[in-house]
Amino acid sequence: LGAFLFGVILSVYFLRSGSLVGPIVVHASNNVVASVLEAVSNWWYNPAQTFTIAEFQATWWFGIIGAVICVPWLVVFWRAYIAR
């Protein structure tokens, strides 16, 4: 679902701007952030360690932090490119 929405947003951004540069930069930035988070996760935790569903659910607040960071950017994006 997340990848689909990301693709839709980048597609709308391309259609509104008429340039591939913006979506390419956003996608590259997303990949860099994901790679850095993966590297930090492997450094912080044992990479061979597996997590259970209960441990995953215990970190629900990561989603809240992500929403608090991402929603304002989404609102700015929506107002600037989609709601014109």
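Since the structure is predicted, the reported quantities are computational estimates derived from the model, not experimental observations.
Apart from Val75 itself, the hydrophobic cluster it occupies contains Val71, where clustering links Ile, Leu, Val, Met, Phe, Trp and Tyr at side-chain heavy-atom distances under 4.5 Å. The other members of the hydrophobic cluster of Leu37, by chain and number, are Val33 (side-chain heavy atoms under 4.5 Å, ILVMFWY only).
A search for side-chain contact (heavy atoms from CB on, under 4.5 Å) contacts involving Val32 returns Val36, not counting sequence neighbours.
Interatomic distance, Ser19 OG to Tyr13 OH, rounded to the nearest 0.5 Å: 7.5 Å.
Between Leu10 and Phe14, every side-chain heavy-atom pair lies at or beyond the 4.5 Å cut-off.
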